[in-house]
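Every chain is numbered from 1 and lettered A, B, ... according to where its sequence line falls, protein lines coming before strand lines.
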Amino acid sequence: MVQPVLSIKSLVVEIPTRKGVLRPVDQVSYDIFPGEILGIVGESGAGKSMTGNAVIGLLERPARIVSGNVLLSGNPIHNLSASEFRKIRGKKIGMIFQDPLTSLNPLLTVGEQLVETIIEHLAVSKKEAQERAIAALEEVGIPAARERIGSYPHEFSGGMRQRVVIALALCAEPDFVIADEPTTALDVSVQAQIIALLKRLCRERGVGVMLVTHDMGVIAEAADRVAVMYAGRLAELGAVRDVLTAPKHPYTYGLMGSTPLASRGLKRLKQIPGSMPRLGALPEGCAFSPRCDFAQEVCKTGSSPFIADEDAQAACWFPLQHTKLRSSK
Amino acid sequence: MSVIVRAKALRRLFDVSKPWLNRVVEREPKAFLTAVADVDFEIEEGSVYALVGESGSGKSTIGKMVVGLTSATDGTIEIDGIAITGNDQKAKISEARQKLQMIFQDPYASLNPRWKVRDIIAEPAKLRGLEIKGLPERLLQQVGLSPEDADKYPHEFSGGQRQRICIARALSSEPKVIVCDEPTSALDVSVQSQVLNLMSDLQEQLGLTYLFISHDLTVVEHMADKIGVLYLGALVEEAPKETLFASPLHPYTRMLFDAAPRLDGFGREIDVPKGEIPDPINPPPGCSFHPRCPLATSLCKTVRPQMRLIGDTRVSCHHV
């Protein structure tokens, strides 16, 4: 069996506050394999970005990992010191963030930023690094890369900037890339270009990608598998087609139903009553039970269900059977 | 059905020139950005008219001109037959404006954090001199919040609840037309559906007219009766919803539809759209879409297409 590039096992992140300990990430486990795009979806506050930050060692104090493992190509990275993490970040893990303007240094040309990253992580001469930087820009589809390498980030459009960020993330040849809402700030037509680029690079290089987004459409088109998060916990995990067309967890079912596409032709959209509970006031039992149409007594009082291993797909005591969403054709 | 909002040859330029001294020294002319170029549309009373487009297409500028937050450089806007641009009768204009309200995109930025919800909701009614006793409580109930929320401050509410407060505020001056500028793009999917349902219900109960501005085609398809597609400040296509989604005519509309992510698009490989939106200060000559258009010919590079009526659809393209 292929070794996963990233393996998260029962990860728990806690934030101690005066009012008690919050758990923005609770017992989350999944693997990402080479050449695979794993989509992470959920609403704001579900813990998607927090999981990503825990993986790349960018949790802000006082948030901390209290238990669980994060393995990168089989090696544990959850207990590395800050200086050890610096060596991995950029080299073994590439990062793409939402806003390309804030993730590039406005005072350096894109060439300088690429060369700096390449020299830091690969043993090459400055000249060689320059050539690699140009090749990296060409690969992400920036026209006239040789001329534009001396341009500053503000001289590029939003879509071109995000291409530069992708080139930066991939220039040190990482095995694993975290893309946190990479297209949320972009227009539809540019979004389509960036998604196509990410898919192509991931396939060609065999890079594992963790694609964090709130957009179900992007997940459907880009991801191979999807993990649905709710209130810091994994609600459902599985192949993207299975999860989106035959959701087992009532939350996924509700989420899919409430998108305007799934309710096409209906006068009113389906809706999930209420909103996601705050981390400080999680209900007893299953966190979704107060909003769930199918909740039984055990959901409200018993222990909360978790996805124990890769085979169990939904964290639900009563997973939905044979529920097919109306096809949005 | 009567027309309640009518925009004719609407134009808006923004002066983006360098400072005076630079212009003199560098001998540069003034520079203008055309945010909205000759846009015509009519909205029927009780209907939902949607404007879609990508960033820089001028959709928000049009919304702001309709409510009077920005002035039009040229062209006219009529509300219920009263021109609110280029009209000297101030009293008439303010009477027409009382029929308008607006809901903004970001519910975190559009509510005063120092005011109680009661005062926020009552303000528009107060300005019109309407009776405000018990009004905030009644409106809060109407938008699905509880009357006790009137004495709270905005920070005590979630994003979806804040947008409900914004809706309640818009309703308090009893408007006929509400301009909704991306009302749900800051919200999560499950909250978005609650707010959209609320807006549909209110429209039905109160006979409201919406000018609905959005970049999200799926939301527009759900809400709108008629849709106008904007590109670089100009209306490129306008049609009733069913017609537009069944047979989009303009190549830009088709590109937009094709590029939008689909829920059933598993592993879909699309024809990736060419290029990006050009610089609005120096837009391409002729049809502004021609550098990205698969149908473009030499005619498109020089002559700007006029609006033509094909069936139910108004479209500005030489080749459809």
Side-chain angles (χ1 to χ4, degrees), chain A residues 41-46 141 157-160 183 186-193 195-197 199 214-224 239-241 244-245 251 254-276 278 291 325 327-329, chain B residues 52-57 144 157-161 184-198 200-201 204 214-223 231 242 245 252 255-279 292:
Chain A
V41 276
E43 299 180 89
S44 34
S157 67
M160 284 297 156
T183 59
L186 305 175
D187 279 319
V188 183
S189 62
V190 179
Q191 166 171 291
Q193 295 169 351
I195 295 287
L197 175 69
K199 271 161 80 173
H214 67 279
D215 188 328
M216 296 299 247
V218 169
I219 290 286
E221 300 214 342
D224 301 301
V240 75
R241 189 183 290 269
L244 264 53
T245 55
Y251 173 63
L255 197 63
M256 291 300 298
S258 57
T259 56
L261 265 183
S263 302
R264 183 175 275 186
L266 300 182
K267 189 116 195 317
R268 289 171 61 88
L269 296 171
K270 289 180 198 153
Q271 59 184 50
I272 311 176
S275 57
M276 194 160 66
R278 293 189 189 172
R291 303 173 72 187
L325 275 183
S327 148
S328 55
K329 247 281 145 68
Chain B
V52 282
E54 299 180 277
S55 46
S57 63
F157 297 90
S158 68
Q161 290 171 324
T184 59
S185 26
L187 305 177
D188 279 317
V189 188
S190 72
V191 182
Q192 167 175 286
S193 62
Q194 296 171 2
V195 171
L196 290 178
N197 281 341
L198 172 68
S200 304
D201 293 346
E204 212 159 276
S214 179
H215 69 281
D216 188 333
L217 289 167
T218 60
V219 170
V220 164
E221 185 182 7
H222 179 73
M223 292 295 288
Y231 184 73
E242 290 77 16
F245 279 89
Y252 175 65
M255 188 197 90
L256 211 56
F257 284 7
D258 201 39
R262 294 212 308 246
L263 277 180
D264 57 351
F266 305 114
R268 186 166 72 112
E269 303 286 340
I270 56 163
D271 289 337
V272 176
K274 269 203 300 181
E276 293 181 23
I277 300 171
D279 179 8
R292 307 173 72 185

Under 4.5 Å to a heavy atom of chain B? For A:Met160 that would be both
Those residues at least two apart in sequence (or on a different chain) that pass side chain to side chain donor-acceptor pair (under 3.5 Å) with B:Glu54 are A:Ser189, B:Tyr252
Under 4.5 Å to a heavy atom of chain B? For A:Lys199 that would be side chain
So OG1 of A:Thr259 and NE2 of B:His222: to nearest 0.5 Å the spacing works out to 11.0 Å
Residues A:Ala220 and B:Leu263: closest non-hydrogen pair is CB-O, 3.4 Å
Counting heavy-atom pairs under 4.5 angstrom with chain B, the leader among A:Gly158, A:Ala223, A:Gly274 is A:Gly274
Do any N or O atoms from the side chain of A:Gln193 and from the backbone of B:Val272 form a donor-acceptor pair under 3.5 angstrom?
no
With chain A, the option among B:Gly275, B:Ser193, B:Ala259, B:Ser200 that has the most non-hydrogen atom pairs under 4.5 Å is B:Ser193
Smallest heavy-atom separation, A:Val188 atom then B:His215 atom, equals CG2-O, 4.3 Å
The interface call for B:Leu217 against chain A, heavy-atom contacts under 4.5 Å, is neither
Checklist line | Side chains of A:Pro260 and B:Gln192 in contact at under 4.5 Å (non-hydrogen atoms) | finding: yes
Whatever's closer than 4.5 Å to a heavy atom in chain A on B:Asp258 counts as neither
Cut-off 4.5 Å, heavy atoms of chain A, and the answer for B:Gln194 is both
Applying a strict 4.5 Å limit to non-hydrogen atoms, the region of B:Glu204 in contact with chain A is side chain
Just do the side chain to side chain contact (heavy atoms under 4.5 Å, CB included) check on B:Glu276 and A:Asp187 with the steps written out, would you? CA-CA 9 Å; B:Glu276 293 181 23; A:Asp187 279 319; over 6 Å; no
* Is there side-chain contact between B:Leu196 and A:Gln271, with at least one heavy-atom pair below 4.5 Å? -> no
- Task: For side chain to side chain contact (heavy atoms under 4.5 Å, CB included), just list the numbers for B:Gln161 and A:Ser275, CA-CA rounded to whole Å, side-chain angles, deciding distance to a tenth of an Å, and then say yes or no.
- Result: CA-CA 10 Å; B:Gln161 290 171 324; A:Ser275 57; 5.9 Å; no
Most contact-rich option vs chain B, by heavy-atom pairs under 4.5 angstrom, among A:Lys267, A:Gln191, A:Arg268, is A:Arg268
Of the listed A:Ser44, A:Ala192, A:Gly254, A:Ser157, the one with the largest count of heavy-atom pairs under 4.5 Å with chain B is A:Ser44
In short, B:Pro261 meets A:Gly217 closest at the heavy-atom pair CB-C, 3.4 Å
